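The block underneath contains the structure these notes are about, expressed in structure tokens.
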Protein chains: 2
Amino acid sequence: MSIERPARIRRSPEAARENILAACEAILLEKGPQALKLADVAAGAGVANATVLHHFGSIDGVQTALMTRMIRQLVQRIAVDFGQHQDTVGRVGAGARALFDAFGTRGGARLAAWLELTGEARRMTAIRQAVQEVAALRMQLDSPVDETAVQDFMLVCVTMALGVGLFGETMAELLGRPPERIREIALDLIEARIRQETGG
Amino acid sequence: MSIERPARIRRSPEAARENILAACEAILLEKGPQALKLADVAAGAGVANATVLHHFGSIDGVQTALMTRMIRQLVQRIAVDFGQHQDTVGRVGAGARALFDAFGTRGGARLAAWLELTGEARRMTAIRQAVQEVAALRMQLDSPVDETAVQDFMLVCVTMALGVGLFGETMAELLGRPPERIREIALDLIEARIRQETGG
DNA sequence: GGCCTTACCGACAAAAATGTCAATAGAGCG
DNA sequence: CGCTCTATTGACATTTTTGTCGGTAAGGCC
């Protein structure tokens with residue numbers, strides 16, 4: 001009498017990767033990027049350690065793939081948000097909110113910080129492409145005067161979203177302010193700046 | 001014939017801690033906080049692994065002690081800077097510059113990010129105390145109208161300095177802007193805000 | 001049905017890192 | 001000088017984690 005093994009599931013490479021990355025996202029949200037250990041990821045996805053390595057090469061590969069995936073999803077959401085607003089200020093505000101959401105609430109900033117600290121940041125080229133796409137959208141919709149101003153503005157938005165997403169909650173608590181305060185202030189700053197740029 | 005051993009150096013507890021933390025600072029600058037391994041720290045300080053543990057209890061203890069030390073040094077520098085400026089805007093600008101320097105150039109943001117990710121952030125109570133001291137200084141020198149405005153302002157400054165210090169360089173490079181650009185913009189935002197608060 | 005590609009897996013190897021423990025040796029002090 | 005305190009140490013145990021390897025089986029294709 002042979003021991004029962006759970007039947008193997010054979011997925012397409014894309015489905016297998018997606019399955020693993022979805023598990024990663026849950027782990028990232030629950031325990032942070034440092035918990036993206038090979039064994040935990042594999043367990044979360046319901047596959048063996050070796051399977052994860054088969055698809056991503058290394059645990060670092062898993063992490064950068066997760067970052068890329070989150071950035072792609074963010075760009076899609078921003079594109080949708082842009083379509084739902086007629087005015088520049090509304091568009092940018094909605095985009096900024098999506099940005100803060102992806103990096104703050106959904107754990108993107110913590111993952112980005114992890115990549116930055118482990119020297120994997122250079123592989124985040126997905127960000128460059130994403131920014132180019134969003135910038136192209138804005139140039140098309142808003143036809144702003146100055147392209148470097150757009151780039152500077154996006155640099156500010158992204159960096160602030162990352163900083164607030166990673167440190168905002170802890171700092172607010174440590175300094176005795178409400179946890180969401182820093183995000184409000186940051187969004188105010190961003191909207192004030194865009195108003196100033198478009199208005200004057 | 002006995003094997004030559006290097007003579008032991010016996011330091012006071014304070015000197016021993018200082019020696020170890022100085023080595024940590026060098027490692028932090030050169031390789032980042034994830035390189036603050038027990039063996040490397042001990043080697044950098046020229047002592048045995050067990051010695052480090054004797055003084056700090058654990059490698060996490062070393063890291064939080066280093067953070068505390070950096071924050072103390074920062075507060076001292078800010079106090080000096082405050083004394084060298086007569087006007088509020090000049091004072092705050094100099095303080096912000098010191099803040100960005102400590103967190104950016106000197107590696108404080110990377111260390112803070114590490115503590116945040118590894119769950120050690122709650123032990124960064126040194127920040128709370130530091131902010132209280134600086135806030136007290138400002139209340140005394142500038143007698144600003146609103147204390148919560150001061151707290152909000154410091155929350156913004158600290159969070160931005162952390163965000164820019166950790167992500168600024170990489171993001172600027174990724175988005176095709178000069179590496180120091182984000183810092184300039186951030187300082188502009190801060191000074192504009194303080195001018196607005198004091199001016200009107 | 002038979003074959004071939006490759007997604008998948010268990011077992012194992014190997015490295016890296018932290019922390020424990022008992023012993024050693026400076027340095028102050030009577 | 002001899003005693004005591006404790007900073008210091010080497011050796012070691014343990015844990016954690018990544019990655020390799022040879023074999024297994026699922027599903028497409030002829």
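These values consider heavy atoms only, across backbone and side chains, with no hydrogens, waters or symmetry-generated copies. Every chain is numbered from 1 and lettered A, B, ... according to where its sequence line falls, protein lines coming before strand lines. Note that the coordinates shown come from a computational prediction; the quantities given were computed from them, not determined experimentally.
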Q.
Counting only heavy atoms from other residues, nucleotides and ligands, does the tally under 6.0 Å from CD of A:Glu147 exceed 12?
A.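 No, not enclosed.
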
(Q) Measuring to OP1 and OP2 of D:dT9, would you say a side-chain N or O of B:Thr51 lies under 4.0 angstrom away? (A)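 For D:dT9, OP1/OP2 do have a side-chain N/O of B:Thr51 under 4.0 Å.
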
Starting from [atom2] on [N], measure out to [atom1] on [X] and report it in whole angstrom.
| X | N | atom1 | atom2 | result |
| --- | --- | --- | --- | --- |
| A:Leu38 | D:dT17 | CG | P | 10 Å |
| B:Arg10 | D:dC5 | CZ | C1' | 7 Å |
| B:Glu14 | D:dT6 | CD | P | 13 Å |
| B:His54 | D:dT6 | NE2 | C1' | 6 Å |
| A:Leu53 | D:dT20 | CG | C1' | 9 Å |
| B:Asn19 | D:dT9 | CG | P | 10 Å |
| A:Ile27 | D:dT17 | CD1 | P | 12 Å |
| B:Asn49 | C:dA22 | CG | C1' | 17 Å |

Q) Does a salt bridge link B:Glu18 with B:Arg69, judged by any charged N lying under 4.0 Å from a carboxylate O? A)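 Result for this pair is yes, salt bridge flagged.
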
Q: Run the salt-bridge test on A:Arg77 and A:Asp101 with the 4.0 Å N-O cut-off and return the result as yes or no.
A: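 A salt bridge is present here (some side-chain N lies under 4.0 Å from a carboxylate O).
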
Q.
Nearest heavy atom decides the nucleotide; on that basis, is B:Gln63 or B:Ile9 closer to the 5' end of DNA chain C?
A.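 Taking each residue's closest nucleotide, the earlier one in sequence belongs to B:Gln63.
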
Q: Scan for salt bridge (charged side-chain N to carboxylate O under 4.0 Å, His left out) pairs involving residues 148-171 of chain A, sequence neighbours excluded, and state none if there are none.
A: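 Of all non-adjacent pairs touching residues 148-171 of chain A, those that pass salt bridge (charged side-chain N to carboxylate O under 4.0 Å, His left out) are A:Asp152-B:Arg177, A:Asp152-B:Arg181.
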
Q) Between the base of D:dT8 and the side chain of B:Arg11, is there any donor-acceptor pair under 3.5 Å? A)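 For B:Arg11, whose side chain was compared with the base of D:dT8, there is no donor-acceptor pair (under 3.5 Å).
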
Q. Is there a donor N/O on one and an acceptor N/O on the other, under 3.5 Å, for the side chain of B:Arg8 and the base of D:dT8?
A.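 Per atom types, the contact qualifies.
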
**Q.** Nearest-nucleotide pick for B:Lys37, side chain only, options being C:dT18, C:dC9, D:dT17
**A.**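 Nucleotide nearest to B:Lys37's side chain: C:dT18.
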
Q | Nearest to side-chain heavy atoms of B:His55, which nucleotide of D:dA7, D:dG10, D:dT20 | A |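 The answer is D:dA7.
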
(Q) Can you work out whether A:Gln34 or B:Ala16 has the more 5'-proximal nearest nucleotide on DNA chain D? (A)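 It is B:Ala16 whose nearest nucleotide is closer to the 5' end.
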
Q) NA contact type, B:Ser12, heavy-atom cut-off 4.0 Å: base, sugar-phosphate, or nothing? A)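 Nothing: the residue B:Ser12, judged by heavy atoms under 4.0 Å, touches no strand.
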
Q) Within the structure shown, what part of the strands sits under 4.0 Å from A:Ile59 by heavy-atom distance: base, sugar-phosphate, or nothing? A)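 The answer is sugar-phosphate, as A:Ile59 gets under 4.0 Å only of primed atoms, P, OP1 or OP2.
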
Q. What pair of heavy atoms forms the shortest contact from B:Asp40 to B:Ala35, and how long is it?
A.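 In this case the closest contact between B:Asp40 and B:Ala35 is OD2-O, 3.7 Å.
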
